[in-house]
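These notes concern the structure reproduced below.
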2 protein chains.
Amino acid sequence: MKDVAAAAGVGLKTVSRVVNEESGVSPAMAARVRAAIAELGFRRNDSARLLRTGSTASVGLVLEDIGDPFSSTLSRGVEAVAREHGCLLFAGSSAEDPDRERELALALCARRVDGLLVVPAGGDHGYLLPETASGLAVVFLDRPGAGIEADAVLSDNAGGAPAGTAHLIAHGHRRIGFVGDLPHIHTCAERLRGYREAMGTAGLPVDERWIATGPTDPATVGRAVRRLLTDGPDGRAEPVTALFTANNRVTLAALQALAGLPARPAVVGFDDLELAALLSPGLTVVAQDPETLGRTAARLLFDRLGRDTSPPRRVELPTRLIVRGSGELPPA
Amino acid sequence: MKDVAAAAGVGLKTVSRVVNEESGVSPAMAARVRAAIAELGFRRNDSARLLRTGSTASVGLVLEDIGDPFSSTLSRGVEAVAREHGCLLFAGSSAEDPDRERELALALCARRVDGLLVVPAGGDHGYLLPETASGLAVVFLDRPGAGIEADAVLSDNAGGAPAGTAHLIAHGHRRIGFVGDLPHIHTCAERLRGYREAMGTAGLPVDERWIATGPTDPATVGRAVRRLLTDGPDGRAEPVTALFTANNRVTLAALQALAGLPARPAVVGFDDLELAALLSPGLTVVAQDPETLGRTAARLLFDRLGRDTSPPRRVELPTRLIVRGSGELPPA
DNA sequence: CTGAAAGCGCTTACAG
DNA sequence: CTGAAAGCGCTTACAG
């Protein structure tokens, strides 16, 4: 910019005016500046501009895994809203590791993103307190944050999980397995609670051996599914006749495991899958709307940037039971 | 930082040394600085640091749609490599719109990202010339760039598309429909070329009415599929007995359309889908490896940042035919 | 309509 | 071991 000013024989501020299309520059001068800009191939450095301005026109998004369908659909919603606000999006994955979440979130803070959207991996977000104290806006998605007062946008797990479980019960199932991811993850815990609630409401006992939580790799989930379906001999639990799978990766792994087994338990999954309707039977799910989740959280974030100082809100988005066949199979 | 220096009664540079854990600060002084940092809640502004340093420790990624499974898996690969290099990732979607691609890419350039990864939407990337001239590294993914000399990492369309088509021919099909997205998109054009090549190699004529390209929304693809399968009366083309669907969204939409039809054509899709193995019949595909695509492109980008000045390379990643049933159905 | 000075929050290059 | 000065590339606040 200094070079442009020198080349055009004008002051720095005049170049700035032309670059920013501010009014009050004589046409002759503007033309001279534009010529110099073209000749030198000048392009304004926005990082420098934003340093002076105070904002960074960017938001950070900490996901579980940028490549997961749930996360990426959520990102699409966030990106759309960020775009509307002229903001660029930093995206990164925590891989469900609290240290990585923290590291990533703080790196984003150090860049002074205007706002931060976090799908929590860890159970304590107190590390963000100094950041919010100095003006950072934070919104949690999919799971609430802890150790800090901030907005959260979640799916209605407390409504969806009982609805899915009750659907299986309504189709005659009394022994229903719950397959979830790590039990300390908020969504897993909430959905498990919902499962128990629906069983209780129906007056059905829950055998703790029907509950399988853990890593979501196909091998682990496969073992869990086989166990749930074959327990029974030697005084162990009776096999379940239906499965409630608590998220997209668990459902996928469970379906893969079932493909290799003779048993045809009923299945209701939490989260929709891309080809769910084309399976036979079609996969009955409790669908979330990850794109709206992302949009809603981003809107809330920008409201906060716009000096909305009302108390932190918790928004719950409805889930929707989509009946396609797998959840209506009768008990074996 | 100035405040910290004042509070600790030291010079600015000493604070900088402590913050950056540089050696050569007396323990007493360091302790005093650290106390001031804690008290004031000081956190270094990386944007300011990077302005001075010259790099931004960030890369930009311009995708077609951050929420698409192909794009997001690709992002996962890019992110992993960026992380290894201590870089943050800006991600954005072009929505297959050349203007948005350009706008997004230039916004990223204005932020002075160290490198740019672009899945081209437009057919001319000459607008990046001034950027690369001043040191920006650019790598194209999935499709080559145009109007600029730069690296490109692609899937082997020229090998994969004929392989998929030949697979259908080997199972007895002579009238095979090609369903693709917009014909000007490089991958669509290449795959169509591969389809024609395989048909030619087998000595089979191609009726132009067997080729359907256009938007990938379910309605449009559905119409195309129905037309391909029912043409025949009143002197029009004979219906096809098999479909080669040229990417993930087209395949998905085609399968949805087929679910509502009596016909059971053989299908081979380009791109794998999450539940492909669980359909009945299983979906035979020519699989790409989007994560490796992303990783490879990001590695190439960082090589370039490391002053690798060899001539631009074009890397082609192999595709893999995965046989699952739908591609082996005999002609009706 | 135009521009010189100060400053955004850091680091670099240098001197003590 | 320590720090004052200059500068990264811009904008803000002000004066003419």
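Below, read A as the first sequence line, B as the second, and so on, with proteins coming before strands; counting in each chain starts at 1.
- Taking a 6.0 Å sphere around CZ of A:R102, one finds it holds 12 or fewer heavy atoms contributed by other residues, nucleotides or ligands.
- Remark: A:L89 CG to A:E79 CD distance equals 6.5 Å, nearest 0.5 Å.
- With values rounded to the nearest 0.5 angstrom, B:L317 atom CG is found 6.0 Å from B:S155 atom OG.
- With a cut-off of 3.5 Å on both pairing distances, the Watson-Crick and G-U wobble pairs of DNA chain D assemble into stems of 3 or more at C:1-3 with D:14-16, C:5-12 with D:5-12, C:14-16 with D:1-3.
- Checking the phosphate oxygens (OP1, OP2) of D:dC1, no side-chain nitrogen or oxygen of B:T14 falls inside 4.0 Å.
- The environment of A:E22 atom CD is dense: over 12 non-hydrogen atoms of other residues, nucleotides or ligands sit within 6.0 angstrom.
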Classify every nucleotide of nucleotides 8-16 of chain D by which part a protein heavy atom approaches to under 4.0 Å, writing B for the base, S for the sugar-phosphate alone and - for neither, in 5'-to-3' order. BBSBBB---
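- In this structure, A:D114 CG and A:T56 OG1 are separated by 4.0 Å, a value rounded to the nearest 0.5 Å.
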Before you tell me yes or no, could you show the steps for A:R34 and A:E39 under salt bridge (charged side-chain N to carboxylate O under 4.0 Å, His left out), namely the whole-Å CA-CA distance, both residues' side-chain angles and the distance that decides it to 0.1 Å? CA-CA 8 Å; A:R34 266 190 271 273; A:E39 189 183 354; over 6 Å; no
For a salt bridge (charged side-chain N to carboxylate O under 4.0 Å, His left out) check, start with the C-alpha distance between B:R143 and B:E96, then their side-chain angles and the critical distance, and finish with the verdict. CA-CA 12 Å; B:R143 315 167 189 174; B:E96 208 64 85; 2.7 Å; yes
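- B:R49 and B:N20 form no side-chain donor-acceptor contact under 3.5 Å, judged by distance and modelled atom types alone.
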